[in-house]
Amino acid sequence: MIVINNMGSGSPARGRRHWRKGLQWGVLLGLMVLIYGSHAPLIALTKVDGQVPFSSSSCVVLIELTKLLVSLASLLMAGDLSTQPASVALVAPYAVPALLYAFNNNLVVLMQAYMDPSSYQVLSNLKIASTAVLYSFCLGKRQRPTQWLALGILMGAGVVHSYSSLDLEDQAGAEAKASPRLHITAWGLVLVSLYCVVSGLAAVYTERVLKSQCVPLSLQNLYLYVFGVAINGVSYVSSRGSEQGFLEGFSGTVWAIVAGQAANGLLMSVVLKHGSGITRLFVISCSMLVNALLSWVILGLRLHPLFLLPVFMVGLAAYLYYK
């Protein structure tokens, strides 16, 4: 009787906990989808005469600084900062992901000059395949046959979209200029391939570091973003070839990008600490829908009819991977 009663009273509590945890993950992942989906259109929205008017380096420095300040504030409010020992062996590993993320953050802005926002969003899903391969080799996380099939379908989606968006014919007519359409250059394909490999490597390494150390996540973020601010600060100083000011060209849209990417970085740490990098990457694939919608509404982007095929393929890949 006692055992049955305890099970009966405990089961609803466990159910509520599972429901609450599922809701929290749903809100977190949904927010990440929205942020990822809006990033490229927001960058495109800031362009003046086809050029980004602000320094991408200063933007990245501000993103890293915001994440650092939020992590520090979280530690101070929790009272964990003074109770945690620091050593070179504990802190040094965070320099590697900081370097990789700094490289990729600047690469994201650079890629916008060689492709439209929707092309970037679709092709960036190829990082799922590169991350899965690195997971298998570096972390020993083997994939099931259906998961490899899902990754193959996802890579096929990128190929289909790339083919449909390549400008193989001269589009000098007035009609072509009047309405922007999907496009990507050969240099854009090279950059997005490099971006996917570095992104996968950074995710795998960061997840391993975050899960291998039994310290508060806010403290781990603090170590990571200290290096992030330092590395990106050096990058900004070394790349100053003009008299453009640190905040020159900043608008409300740019500040929204800073806030969104800072929040996204902090949310990403939660996913890597308590979930996996693969989950984060599938969030990015789902954000393609948000990206396409915003590109159509805000930028007036004319989507190619074949664009619906890779959208379907990405959805099928996600289903097969997690079923």
Side-chain angles (χ1 to χ4, degrees), residues 28 31-32 34-36 38-39 42-43 54-109 198-199 201-240 245-250 252-275 277 280:
L28 184 148
L31 184 58
M32 291 183 70
L34 179 61
I35 294 174
Y36 271 113
S38 62
H39 180 55
L42 286 176
I43 291 180
F54 61 92
S55 168
S56 61
S57 298
S58 63
C59 184
V60 173
V61 170
L62 287 174
I63 291 172
E64 295 298 306
L65 181 60
T66 301
K67 291 187 288 187
L68 173 63
L69 293 177
V70 172
S71 301
L72 179 59
S74 299
L75 279 172
L76 292 176
M77 288 188 294
D80 292 331
L81 184 60
S82 59
T83 61
Q84 297 295 332
S87 64
V88 175
L90 183 67
V91 178
Y94 295 92
V96 176
L99 282 168
L100 295 176
Y101 284 127
F103 176 78
N104 258 17
N105 286 337
N106 287 279
L107 192 59
V108 167
V109 178
V198 175
S199 179
L201 182 61
V204 169
Y205 184 89
T206 303
E207 181 175 343
R208 181 170 184 173
V209 172
L210 291 177
K211 290 181 175 177
S212 64
Q213 296 183 354
C214 297
V215 296
L217 179 59
S218 295
L219 183 61
Q220 292 178 307
N221 284 337
L222 184 67
Y223 294 152
L224 179 63
Y225 301 137
V226 162
F227 284 109
V229 171
I231 292 171
N232 286 284
V234 171
S235 175
Y236 168 76
V237 173
S238 62
S239 64
R240 288 191 63 186
F246 185 78
L247 298 179
E248 185 176 343
F250 272 60
T253 303
V254 180
W255 285 112
I257 292 173
V258 171
Q261 291 306 299
N264 207 37
L266 294 169
L267 294 176
M268 183 188 66
S269 296
V270 176
V271 172
L272 293 179
K273 179 77 170 182
H274 303 290
R280 167 184 169 269

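Throughout, numbering of the chain's residues begins at 1 and tracks the sequence.
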Original post:
Distance from Ile35 atom CD1 to Leu42 atom CG, nearest 0.5 Å?
Top reply: 10.5 Å
**OP:** Can you see which heavy atom on Ser58 is nearest to which on Phe246, and at what distance?
**Re:** OG-O, 3.0 Å
Original post:
So how far is it from Ser218 OG to Leu75 CG, rounded to the nearest 0.5 Å?
Top reply: 5.0 Å
Original post:
Do you see a donor-acceptor pair shorter than 3.5 Å between the side chains of Tyr223 and Gln213?
Top reply: no
**OP:** Nearest 0.5 Å please: distance from the CZ atom of Phe54 over to the CD1 atom of Ile257.
**Re:** 5.0 Å
**OP:** For a side chain to side chain contact (heavy atoms under 4.5 Å, CB included) with Ser269, tell me which candidate from Asn264, Leu217, Thr206 qualifies.
**Re:** Leu217
Original post:
To the nearest 0.5 Å, what is the distance between CG (Leu266) and CE (Met32)?
Top reply: 10.5 Å
**OP:** Indicate yes or no: at least one non-hydrogen side-chain atom of Leu247 is less than 4.5 angstrom from one of Trp255.
**Re:** yes
Original post:
Rounded to the nearest 0.5 Å, how far does NE2 of His274 lie from CG of Leu210?
Top reply: 9.0 Å
Subject >> Minimal non-hydrogen separation, Lys273 against Lys211, with atom names >> reply: O-CE, 3.4 Å
Original post:
Between Leu99 and Val96, is any pair of side-chain heavy atoms under 4.5 Å apart?
Top reply: no
Subject >> CA sep, side-chain torsions, deciding dist, call: Tyr94, Asn221, side-chain contact (heavy atoms from CB on, under 4.5 Å) >> reply: CA-CA 9 Å; Tyr94 295 92; Asn221 284 337; over 6 Å; no
Subject >> Nearest heavy-atom neighbours spanning Ile231 and Ala95 >> reply: CD1-O, 4.0 Å
**OP:** In sequence, state the C-alpha distance, the side-chain angles, and the governing distance for Thr66 and Tyr225, and then conclude on side-chain contact (heavy atoms from CB on, under 4.5 Å).
**Re:** CA-CA 9 Å; Thr66 301; Tyr225 301 137; over 6 Å; no
Subject >> Stepwise side-chain contact (heavy atoms from CB on, under 4.5 Å) check, Asn232 with Ser57 >> reply: CA-CA 7 Å; Asn232 286 284; Ser57 298; over 6 Å; no
**OP:** For residues Pro93 and Val209, report the shortest heavy-atom separation together with the two atoms involved.
**Re:** CB-CG2, 4.2 Å
Original post:
CD of Gln261 to OG of Ser38: how many Å apart, nearest 0.5 Å?
Top reply: 7.5 Å
